[in-house]
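Per chain, numbering begins at 1; letters A, B, ... match sequence-line order.
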There are 2 protein chains.
Amino acid sequence: MGTRLALRIQERYEELTPSEQKLAQFLLDRPDEILASSATELARFTGVSKATAARLFRNLGYNDFNDVRLQAREERNRTGPVQQIPMPQAAVDETVTVPTHLQVESANLTRTFEELRPDVLNAAAEQIAGAGRVWVAGLGIENGIARYLRILLTRVRPGVHMISENAATWPEELASTGPNDALIIIAVRPWTKQISTVLTFARTTRLKTIVITDPTNTGKARRKEATVLNCHVSTPWSELTQTSVLSMAQLLAATVANRIGGRAKARRDLIADLAEEIESGDI
Amino acid sequence: MGTRLALRIQERYEELTPSEQKLAQFLLDRPDEILASSATELARFTGVSKATAARLFRNLGYNDFNDVRLQAREERNRTGPVQQIPMPQAAVDETVTVPTHLQVESANLTRTFEELRPDVLNAAAEQIAGAGRVWVAGLGIENGIARYLRILLTRVRPGVHMISENAATWPEELASTGPNDALIIIAVRPWTKQISTVLTFARTTRLKTIVITDPTNTGKARRKEATVLNCHVSTPWSELTQTSVLSMAQLLAATVANRIGGRAKARRDLIADLAEEIESGDI
DNA sequence: CATTTTCTGAAACAAGAGTTTCATAGACAT
DNA sequence: ATGTCTATGAAACTCTTGTTTCAGAAAATG
């Protein structure tokens with residue numbers, strides 16, 4: 001699980017002002033920076049004023065920036081010398097080298113899965129394994145990953161459907177869901193209103209909901225009583241990387257397969273056989 | 001390999017005064033403390049005065065305590081050689097645990113990008129950046145990732161198209177390509193005949209072709225004179241993981257963006273603005 | 001033992017960090 | 001438009017940090 005500071009940010013993220021969010025974002029992405037940097041530097045890194053920084057920490061419930069630093073330090077000591085992979089700084093020219101890329105990806109993967117609580121993962125897998133039907137949704141750039149996850153799950157159990165990318169038709173599609181179904185939403189930042197709407201709907205219809213998202217949205221999703229799988233997606237550049245999201249999908253599907261057990265394996269083998277037959281029969 | 005600070009201390013240790021040694025000792029024992037603590041605190045921890053601390057750093061050849069801190073920070077960011085991560089063995093019961101999953105993913109990522117030659121990556125990026133139009137293809141489970149890559153590239157340059165998932169219509173679609181176009185195929189094992197067919201076609205029409213694939217197919221693809229980006233995808237189980245494939249897509253898109261330079265950034269910003277407008281205008 | 005040299009922390013000082021105040025720009029409703 | 005409310009950075013301020021000075025303690029030397 002993340003630091004106490006990260007938890008507080010996740011809880012209050014939406015109530016923060018835009019520039020406070022910018023800074024909060026940075027702190028979620030690079031928690032170790034708090035130990036090494038002064039508040040002034042943190043403000044400069046994120047392009048906000050010192051005043052905004054001071055306000056943020058107060059709004060998060062601390063008396064002081066010093067409180068924040070002390071807490072962070074105490075937590076570091078409790079966890080012991082963390083052997084985590086540091087996220088590289090942005091190069092001035094924004095050029096991505098292969099080693100930097102590797103390091104960024106490793107850092108995100110490591111943080112994602114070291115923070116992931118097995119019981120949360122298992123709860124999510126249980127919901128998917130036990131559901132009548134499973135619905136997978138992913139808007140925009142996440143759509144590709146959602147499709148990938150859908151195929152993985154289809155290999156393991158029947159009744160897995162995509163919700164169309166056209167948000168306008170979601171009401172119709174969701175109308176046919178029942179309380180025994182499960183809904184998986186892939187939604188990293190930026191968070192759209194549609195997602196909130198769907199989550200609210202899901203809660204009222206008691207649809208079991210699993211949200212795969214990034215730390216800035218965990219709080220929002222959790223408040224809608226969804227099971228949240230948290231993925232780190234930040235890079236030193238302005239772009240995000242969805243690698244850990246895909247990896248999470250992979251792990252989720254594997255865990256569901258484990259839950260289901262023998263029948264999942266049988267289904268997988270059947271599909272593999274079919275694929276082979278088609279391949280050899282087709283030109 | 002120790003830090004540069006540690007090396008300097010070791011060199012001059014005997015020449016230091018007793019209270020300086022006390023402090024120096026502490027710094028050798030807990031090198032990370034420098035990042036987190038002020039000089040005053042370091043002095044207090046070791047029971048010496050602030051003045052002594054200031055003198056120590058000067059005696060070690062630094063101008064300033066700030067110099068020391070900056071150097072330490074820089075060293076933290078520039079992390080040493082990446083350690084080789086071993087691929088775990090299959091557990092008997094085939095159960096995937098979170099730590100195992102992380103290790104598998106790290107191992108694949110590391111191998112993929114440590115083997116990746118920057119000149120090959122750059123050649124691929126160059127072809128995509130310079131092409132008239134870009135076509136992206138991915139069959140079956142790779143389709144999701146292909147879509148993801150398409151969106152990434154679309155953010156960076158115009159004229160990026162998906163080739164439909166229905167292989168039967170490929171002849172028609174490919175017929176409209178020209179020798180100035182580029183074709184990106186995502187195809188990990190199992191390799192289908194369709195892919196061979198397309199690659200042959202691409203070679204005869206002098207279509208620049210980039211194949212993202214796994215080591216079992218590299219040879220086949222290379223023989224068709226395609227630029228090959230090799231991804232490690234194996235797991236201790238029977239399933240594959242496409243995480244490194246997605247990561248490769250990410251890196252490829254970033255590299256293309258770098259190639260294109262300013263215009264890519266302008267386009268990205270434009271798209272981000274549009275997205276924001278749509279989001280706020282909707283509902 | 002006296003004298004010189006070295007070491008050390010207290011205190012003065014300078015620089016920088018963090019907080020608070022305040023004026024203004026922007027959003028939103030009327 | 002007009003007024004109201006919120007968000008924000010500049011600047012004034014207060015407090016902490018780091019450096020330097022200095023005087024006394026400790027050690028070394030004759």
First and last nucleotide of DNA chain D touching chain A, 5' to 3', heavy-atom cut-off 4.0 Å?
->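 So the outermost contacting nucleotides come out as D/dA7 to D/dA10.
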In chain order, what residues pass the side-chain contact (heavy atoms from CB on, under 4.5 Å) check against [X], with sequence neighbours excluded?
{"X": "A/Arg73", "answer": "A/Leu35, A/Arg69, A/Arg76, A/Asn77, B/Ala36, B/Ser37, B/Glu41"}
{"X": "A/Thr200", "answer": "A/Lys224"}
{"X": "A/Asn143", "answer": "A/Arg147, A/Met162, A/Glu165, B/Arg147"}

With sequence neighbours excluded, tell me which residues meet ring-ring contact (aromatic ring centres under 6.0 Å, His included) with [X].
{"X": "B/His101", "value": "A/Phe113"}
{"X": "A/Tyr13", "value": "none"}
{"X": "A/Phe65", "value": "A/Phe57"}
{"X": "A/Tyr62", "value": "none"}

Which residues within residues 33-48 of chain B lie with some heavy atom under 4.0 Å of an atom in DNA chain D?
->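 The stretch gives B/Ser38, B/Ala39, B/Thr40 as the residues lying under 4.0 Å from the strand, ordered by number.
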Sub-3.5 Å donor-acceptor pair from the side chain of [X] to the main-chain atoms of [Y], do we have one?
{"X": "A/Arg4", "Y": "A/Gln71", "result": "no"}
{"X": "A/Asp181", "Y": "A/Thr177", "result": "no"}
{"X": "B/Arg259", "Y": "B/Ala125", "result": "no"}

Tabulate atom names and distances for all N/O pairs under 3.5 angstrom spanning the protein and nucleotides 10-12 of chain C.
none

Minimum side-chain heavy-atom gap A/Cys231-A/Asp214 below 4.5 Å = no
Do any pairs count as a salt bridge (charged side-chain N to carboxylate O under 4.0 Å, His left out) and have a residue in residues 16-27 of chain B, sequence neighbours left out, and if so which ones?
->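 Applying salt bridge (charged side-chain N to carboxylate O under 4.0 Å, His left out) to every pair that reaches into residues 16-27 of chain B, excluding sequence neighbours, yields nothing.
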Write down the distance between CD (B/Gln21) and C1' (C/dT8), rounded to a whole number of angstrom.
->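 Those two atoms, CD and C1', are 15 Å apart.
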Within residues 56-73 of chain A, residues whose heavy atoms come under 4.0 Å of DNA chain C = A/Arg58, A/Asp64, A/Phe65, A/Arg69
